[in-house]
Participant: 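Pasting a structure here, questions to come.
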Amino acid sequence: MQTLLLVFQELFYEAIKQSYPHAKIQHDLVEIMQSASEKFGHYQCNSAMKLSKLLQQPPRAIAQAILQSLHLQNEFKEIIDKVEIAGPGFINVFIRSTYLSLRLNKMLRGVKFDLSLPMHQERIIVDFSSPNIAKEMHVGHLRSTIIGDAICRLFEFYGDTVLRINHIGDWGTAFGMLIAYMKQAVPKVLEEKQECTSDQLLQWYKAAKKKFDDEEDFKKQSHQEVVALQSGDPKNLKIWEMICKISQKAYQEIYDLLDIKIQDFGESFYNPMLKPLIHDLDVKGLIKISDGAKCIFIEGFKNREGETLPLIVQKSDGGFTYDTTDLAALRYRVEVQKADRVIYITDQGQGNHFSMIFKASQAAGYVDPDKTRLDFAGFGLVLGADGKKFRTRSGGTEKLLDLIHAAVTQAKKIIQERTPDLSSKEQEAQAMVLGVNAIKYADLSCNRHHDYVFSYEKMLRFEGNTATFLLYAYVRILGIKRRLKFSMDDLKVNEIILSHPSEIDLGLHLCRFAETLEQVTQNLLPSYLTDYLYVLAEKFNAFFRDCRVEGSDEEASRLLLCDLTGRVLQQGLELLGLKVLERM
Ligand code: ARG
């Protein structure tokens with residue numbers, strides 16, 4: 001089943017072509033939108049305004065002509081209840097409730113709601129989370145992890161092959177510093193006679209950094225250690241591996257807690273590809289030397305002084321950079337991993353970096369923009385209650401774990417108050433779900449371009465646009481189904497028939513699930529899905545307030561509507577990486 005939006009796009013496209021058989025009508029002239037308010041119908045066609053220039057006619061006359069042809073379309077009677085022209089030439093469409101019912105009945109019984117999402121079957125690489133070894137994993141990485149996972153889940157639902165990639169910062173000069181420091185300060189750890197945590201690692205990293213900045217000798221030594229590491233010195237390699245393992249164990253704890261699957265392809269993975277990359281860029285004439293460094297200058301990226309900014313692909317001391325690795329990684333993703341689309345999820349601050357990487361990769365012929373789509377999905381900051389950048393106290397991975405546990409603890413308090421008779425084990429399990437859901441949803445429901453304020457109190461509320469509110473609507477529906485003894489047989493013998501306005505309203509919104517998902521695959525804004533689900537829960541509550549289910553003449557149909565709402569809610573939450581409960 002096509003999305004509702006597409007149905008109207010096709011219908012209007014045909015009608016416009018018939019009205020103006022001699023004009024060249026392109027698909028993009030057909031502009032259909034969901035109406036902003038019920039008064040203006042359900043969908044609105046704005047093409048008359050767009051066509052006015054092309055056809056040299058006033059938009060209202062064009063709208064008239066389109067309406068006439070629209071009435072001649074075969075599907076008109078089945079789908080449309082009423083059309084009217086408004087304002088300068090908008091065409092407002094009111095859908096027949098019988099048509100909505102028909103679609104809902106298909107959704108009820110179809111695989112994946114019979115959305116027949118234009119099953120993409122592409123190879124999509126999502127580069128997300130990507131913390132840096134030994135340095136702090138901060139809330140920005142948490143945000144990337146949560147948004148990235150939701151985006152992966154959506155494409156997986158569409159049937160795409162998704163590669164979830166952790167571009168861990170596990171290479172570079174920082175390691176020389178750390179190795180030099182650890183050799184001096186904690187030799188016992190290096191001999192593996194002493195366990196150590198990622199928090200300790202962070203402390204050593206900080207101490208090493210200070211020494212590096214203060215002591216010329218130490219700086220020199222650090223450089224030697226990097227050179228040794230990069231040329232394969234076995235001892236340094238072993239230390240490096242050890243450091244990576246400690247950090248990875250800490251990340252893994254967070255991923256497990258959040259139920260995130262991701263595969264490591266750290267920066268070090270691309271190391272062997274860097275030299276050949278520079279050679280290739282050189283041969284293609286893209287490299288210019290500036291202050292002894294090998295650079296690629298890309299038009300359009302300027303600093304404050306108006307000078308064109310370079311990507312530095314090799315420093316004057318011969319070392320490679322973040323830029324070099326990203327170029328190599330993108331090349332690998334397209335040439336070897338055969339990606340049809342590559343999506344990067346980091347804070348907005350890296351937007352320029354990726355735009356430049358995309359441009360340079362195209363210039364070098366690594367990416368053909370007609371074949372591979374590149375997206376940078378940037379996000380805003382996480383703020384504390386004081387409006388300043390949110391910081392966990394010491395900033396380490398451990399502290400990020402504490403942050404998630406704190407949400408779970410708060411959730412537990414709320415559950416103890418609301419359902420004191422639940423066993424403590426039950427309470428524990430529910431708190432885990434509510435706490436983690438709350439953290440994820442608070443992040444996802446905020447448009448990712450914006451900053452958001454981290455607040456346990458707000459994210460755990462039962463009212464408003466929160467995970468718990470949605471979950472509560474879901475649990476309520478399960479309760480209704482249990483009470484009315486809903487079974488799969490109901491699906492065989494009954495049908496949804498919409499009659500009451502609140503019921504039609506809910507039905508229409510359910511019909512819009514597919515186009516919402518479709519939108520998110522394009523704009524990569526999970527907040528569109530959270531908004532959709534929030535409105536769904538509200539419309540369900542309005543329906544349940546206005547329409548009697550139990551014991552009414554419409555019981556059978558309304559029970560199906562409840563079931564479908566529950567399943568769409570559940571599916572939506574799952575796509576966001578949230579879990580549901582059976583009772584609460
Ligand atoms: N490690 C980086 C950071 O912490 C993020 C990496 C993003 N991905 C990439 N391909 N550069 O900022």
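For ligands, and for the atoms within them, numbers begin at 1 and follow the listed sequence.
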Participant: Run Arg333 and Asp127 through salt bridge (charged side-chain N to carboxylate O under 4.0 Å, His left out) and show every step you take.
Facilitator: CA-CA 11 Å; Arg333 289 166 187 183; Asp127 174 317; 2.9 Å; yes

Participant: To which protein heavy atom is atom 1 (N) of ligand 1 closest, and what is the distance rounded to 0.1 Å?
Facilitator: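 Among all protein heavy atoms, the one nearest atom 1 (N) of ligand 1 is Asn132 OD1, 2.7 Å.
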
Participant: So is His141 touching ligand 1 or not, going by heavy atoms under 4.0 Å?
Facilitator: yes

Participant: Would you check, one step at a time, whether the test salt bridge (charged side-chain N to carboxylate O under 4.0 Å, His left out) holds for Lys294 with Asp282?
Facilitator: CA-CA 9 Å; Lys294 293 190 173 171; Asp282 233 341; 3.8 Å; yes

Participant: Are Gln350 and ligand 1 in contact, using a heavy-atom cut-off of under 4.0 Å?
Facilitator: yes

Participant: Check for me whether the distance between the ring centres of Phe358 and Tyr344 falls short of 6.0 Å.
Facilitator: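 Yes, the ring of Phe358 comes within the 6.0 Å limit of the ring of Tyr344, centre to centre.
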
Participant: Hey, what do you get for OH (Tyr366) to CD1 (Ile357), rounding to the nearest 0.5 Å?
Facilitator: 11.5 Å

Participant: Is any N or O atom of Ser130, backbone or side chain, closer than 3.5 Å to an N or O atom of ligand 1?
Facilitator: yes

Participant: Please classify the Asp326 to ligand 1 contact at 4.0 Å (heavy-atom distances, strictly less than): side chain, backbone, both or neither.
Facilitator: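 The part of Asp326 near ligand 1 is the side chain, not the backbone.
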
Participant: Should Thr530 and Ser527 be marked as a side-chain hydrogen bond (donor to acceptor under 3.5 Å, both in side chains) after you check the CA-CA gap, both sets of side-chain angles, and the distance that decides it?
Facilitator: CA-CA 5 Å; Thr530 62; Ser527 54; 5.3 Å; no

Participant: What atoms of ligand 1 come closer than 4.0 angstrom to any heavy atom of Thr346?
Facilitator: 7 (C)

Participant: In Å, rounded to the nearest 0.5 Å, how long is the span from CG of Leu525 to CG of Leu444?
Facilitator: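 So the CG of Leu525 and the CG of Leu444 are separated by 11.0 Å.
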
Participant: First locate atom NZ of Lys135, then atom CG of Leu201, and finally report the distance between them rounded to the nearest 0.5 Å.
Facilitator: 12.0 Å

Participant: What atoms of ligand 1 come within less than 4.0 Å of a heavy atom belonging to His167?
Facilitator: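 Checking each atom against His167, I get 8 (N), 9 (C), 10 (N), 11 (N).
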
Participant: Quick one: look up the protein heavy atom nearest atom 8 (N) of ligand 1 and list residue, atom name and how far away it is.
Facilitator: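 Result: Asp127 OD1, 3.0 Å.
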
Participant: Between ligand 1 and Tyr322, can you find any atom pair, the residue atom being a heavy atom, that is separated by under 4.0 Å?
Facilitator: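 So Tyr322 counts as touching ligand 1.
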
Participant: Would one find an N or O of Tyr344, backbone or side chain, under 3.5 Å from an N or O of ligand 1?
Facilitator: no

Participant: When rounded to the nearest 0.5 angstrom, what distance separates CD1 in Ile125 from OG1 in Thr161?
Facilitator: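 One gets 11.0 Å once the value is rounded to the nearest 0.5 Å.
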
Participant: Looking only at heavy atoms, is any part of Phe354 under 4.0 Å from ligand 1, and if so is it the side chain, the backbone, or both, or is it neither?
Facilitator: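 Side chain only; the backbone of Phe354 stays clear of ligand 1.
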
